[in-house]
Amino acid sequence: MFNLPILLLLLPILGCFFVMTARKDAENAYHISLLTVGSGIFVILRLFAELNLQQTERQFIHRLDWLSESNIYLSFGFDTFSLMLLFGVYVAFLIGFVGLQKNSRKNKSLLAWGLYFLWNMTCFLSANDMISFYIFFAAMPVPIFMLVGNFGNIKKSVNLYLFFIFNFAAILIFLCALLIVYKFYHGNLPLQEIALINMPKHAAEIVWSGVCLSLLARIPIWPFHYWISALASNIKNPLVYIITCLLPLSGLYGFMRFWQVTIAESVRPYVWGLVIFCLITIIFITLIGIAHKDFLYKLFAYMTIYYLLFLLAEVLLSFVLLADTLQMNIAYSLFIFLLVTSSLIVFDLRMEQECIDKKCDYRGILAHMPKRAKIFTLFILVALGLPISSMFWNNFIIISALFNFSFVIGTMVMFAILLITVSMLFELYIMRDLKITKSAEEQIEDISQYNLAFFAAILGVILLSFFDPLWFVL
Amino acid sequence: MLEYVIYMLPLLILLGGISCFALINFTQDETNKCFKFCRVLLTICLISIAIFYNKPLMAGLTVANHFTIVFEMWLYLSALLVLYISRKWFVNMKQNGSRFCYALLLAVLSGSLLIVSKNLALTGGAIALLIFGNIRILQTDTTNKQSFSPNRIYQSSALVCLIILFASIALLYHYGHHFTYSKVNLFLGMAIGEPLIFVATAGVVICFMFLLSAAPLHYWLTENSARVSLPVFSYFLLVPSGICLAAFIRFVLNVLPPLNSAFALFFVGVAFMSVFVGAVGACSGQNIRKILAYGYVFQIGIIILVLQHFNIFAARTALTYWFVAWMAMLGAIISLYSLKSRGEYLSMLVEYAGAKDKCPLIALMLTFCLFSMMGLPPLIGAVGYFGVLNNLAFNNHFYALVYILLMLLVIAYAYLQIIKSINFDDNRNNFDRYDKGVAILLCVISALMMILVFHPYYLLEQPWIMELVNE
């Protein structure tokens, strides 16, 4: 068999090199990017077909001896959980590429950095040992820094510096933890064997608190939320916005990998502090989301709440030994979440651009775009958690488990989700309200046939997941 | 007798070249010829060194092993690189390059002696010659009216340093009756606790610190970096660093071990100061060369911090880190040669604004080099930092580890300023088309960096390092 896992690991970086060598102001770089992401999705589907879904351990493991004398190697492998997330990331990228405007499609730098980020994400999600995990965890802020710096309309460069320095500090904390682990273990070790390291209690506390802190730095939780909201508020490029919103996924994924086996016991005294911070953030971001008139900000608040919901589920339910069984529910939910939020980002940024170009009002804009209005409404309904996607089932299980653990926490999370979704629905009403429209609507163009077919296909994937989240596995 | 002459061929060729430049007055029109002549000489020397790699130049005074051959080869290659990139500057700026070639040959001659020396007197002589070469290099910049000042700072500091060095060597000889490293090592083992002997040894170490521009003896490099011409700047950051480091590591491993406990604290102090000065100094600068010079001081601080353990593993880590940092610095300096506006070489951060729009390849290379200097994976710089930090963690120096990481955060801000200016700021200058040769050189360096990322054992698992001890 042709080595599919290696092909998947190499595809984005090869695509990145091809894009860099493409001619300036030509669209072939864009086509190469689409081809890269499309081929990646094909390989992922093929890997799903080969994967033993019943097995919880990593499969298709490939090991590269990096420094044999120091027992340092890089190892990559896949399980259903990581492959599901990878699938979601690739489809989100595809949506981002399709959502690019014509002039952005010729921008080599945007496409190359985007593919470089995708490569980092692919290797990160398939990393099977501590050092590979660290390398690609640390590599991610660089493409985001370059993308946001170039295409993020940053008004204050201090925000950009803060973002990088803050993430760099998190990387260095992780490196510190890794070095201490290396000191006790005398070499690299697979992620699933981390719990076996024999460390003194204080060393374990330092190491896992460090890992926990560095992973938390990626999730928009108070007081670490500032950088992501400051950066995201000005981004007008859909691909860059999607990439920025994918960064918290790396922190969440890290928690999923480390929490149960190692962190939970060592940092148990601080868990309630983390829960309180999560709940405070959820409440505040909900209120800010409601107060903001910008749909994109509401969407940002929605994404933050969901990331924190998954984090809470992972952290709290591990104490009642439920997190392990819930992990796949989180993965299925995250898959739909990535697809829906990416599509909504693309739709909203397109409409904002349309409003600027045609000098028309944002209110009632959807009333003059019937096809776009239908697709947009369906995506909003999926985001609300209505029973039309697997998100409904999986969120139901996750939230009811949270209710079961603590009624207060469950109520707070449910209340926040309810408020933000109502607020998004209200925004949808405003966008569709014909009475408030004042400008020359005839000029506004509806979605193109090509885009309509594409987003209808995405909706098809989402709707089919309602019956079976892994319907695409033969 | 004839065989010794053949083994000394590189030195004789260099001496011949130096004599030519000293005796013949080349005009500005002959700059190209001078560089070509210099290049041919260095290439012949490189080949002869590769052929007679295991033959000592002067038995008893020098040593020939895999470590010295690696560094000698590096020295000639880096001198050739500096010659290649500097030639374009001299031709563009219509300057006479013969003085630069002459000084570079002097530096290479002294460097090849310093790398192989196992005798304190020879080391002292080679250092004096290197300092003389450095002074001559500083005199090459005839257009810059400020060039007098850098040379004066360097001359006065170097003179004091040389006096300290020769006084220290004389003192060690007076008490130990030997110049050879191994004999001095034995003598130091018997003289532990003698304050005068410690002071004499410290004198030699201080001289090395000056040449490496470790804080607080860094001022000559950082202050001059903004004032001197680009070839002189690139020479100081690329050539003497490796020479002095190779000689210093051999001195540390072959002479200093008996006094390790006394010198460890001294090394830590100097290292902490260098790291601090490098990180904070880099943040305060608006001149890109000054930022890189402070970055170099920061790197030297880290190397000295690792060398406090006086063992072969520390030497290996330090050399790996230095080589990785040197490659990133080389890439950054070559990028500076490529970014010029209307024939003028730039130095201030604002002048580089928006360079990415006109020279995307160069801007990308410079960006990657700077990220590599921060130690971000998957770039090669991460390998160097991983080695250094692992060494500190292994030896339970967690306070030093945390300090380095904090300072790394500080210096990252300085590098980010350069990256931001080049990539994100609006274009203000009309950048010239870059030279294809320089672009190819950059591609070669990036390919080399990529190879090392995938196969770091070429760097980290070098058996030739083991030949450093018991020479």
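All chains are named by letter (A, B, ...) in the order of the sequence lines, taking the proteins before the strands, and each is independently numbered beginning at 1.
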Check your understanding: Who wins among B:Phe386, B:Phe454, B:Phe394 for the most heavy-atom pairs under 4.5 Å with chain A?
Key -> B:Phe386
**Study point:** Proximal component of B:Ala382, with respect to chain A [non-hydrogen, under 4.5 Å]
**Key:** neither
Point to revise | Heavy atoms of other groups near B:Asp426 CG, more than 12 under 6.0 Å | key: no
Point to revise | Between B:Leu361, B:Leu405, B:Leu392, the one whose heavy-atom pairs under 4.5 Å with chain A are most numerous | key: B:Leu405
Review point. Take atom NZ in B:Lys358; do more than 12 heavy atoms of anything else shown fall under 6.0 Å from it?
Key: no
Study note, to complete from the structure: Nearest heavy-atom contact between A:Ala139 and B:Pro378 is CB-CD, 3.6 Å
Exercise for review: Check whether more than 12 heavy atoms from other residues, nucleotides or ligands sit under 6.0 Å from atom CZ of A:Phe18, and answer yes or no.
Suggested key: no
**Study point:** NZ on B:Lys420 to CE on A:Met146, rounded to 0.5 Å
**Key:** 12.5 Å
Revision key, fill the gap. Contact list (residues 409-419 of chain B to chain A, heavy-atom gap under 4.5 Å, by number) returns B:Leu409, B:Ala412, B:Tyr413, B:Leu416, B:Gln417, B:Ile419
Check your understanding: After noting the C-alpha distance and the side-chain angles of B:Phe424 and A:Phe151, does the key distance pass the side chain to side chain contact (heavy atoms under 4.5 Å, CB included) rule?
Key -> CA-CA 9 Å; B:Phe424 311 148; A:Phe151 311 101; over 6 Å; no
Practice item. Name the region of B:Leu379, side chain, backbone, both or neither, that has any atom closer than 4.5 Å to a heavy atom of chain A. Key: neither
Check your understanding: If you count the non-hydrogen atoms of other residues, nucleotides and ligands that lie under 6.0 Å from CZ in B:Phe276, is the total more than 12?
Key -> no
Practice item. Tell me, for A:Leu178 versus chain B, whether the close heavy atoms (under 4.5 Å) come from the side chain, the backbone, both or neither. Key: side chain
Review point. Under 4.5 Å, heavy atom to heavy atom, which residues of residues 127-137 of chain A contact chain B?
Key: A:Ile131, A:Tyr134, A:Ile135
**Study point:** Heavy-atom contact with chain B under 4.5 Å, split by part of A:Ile72
**Key:** side chain
Determine all donor-acceptor pairs shorter than 3.5 Å in which one atom belongs to a side chain in residues 161-177 of chain A; sequence neighbours excluded.
{"unit_1": "A:Asn167", "atom_1": "OD1", "unit_2": "A:Arg218", "atom_2": "NE", "d": "3.1"}
{"unit_1": "A:Asn167", "atom_1": "ND2", "unit_2": "A:Phe163", "atom_2": "O", "d": "3.0"}

Exercise for review: Side chain from CB out, backbone as N, CA, C, O: work out which of these in B:Asp425 comes under 4.5 Å of a heavy atom of chain A, or both, or neither.
Suggested key: neither
Point to revise | Residues from residues 106-114 of chain A approaching chain B under 4.5 Å (heavy atoms) | key: A:Ser109, A:Trp113
Exercise for review: Classify the side-chain pair B:Asn390/A:Lys183 by whether it contains a donor and acceptor separated by less than 3.5 Å.
Suggested key: no
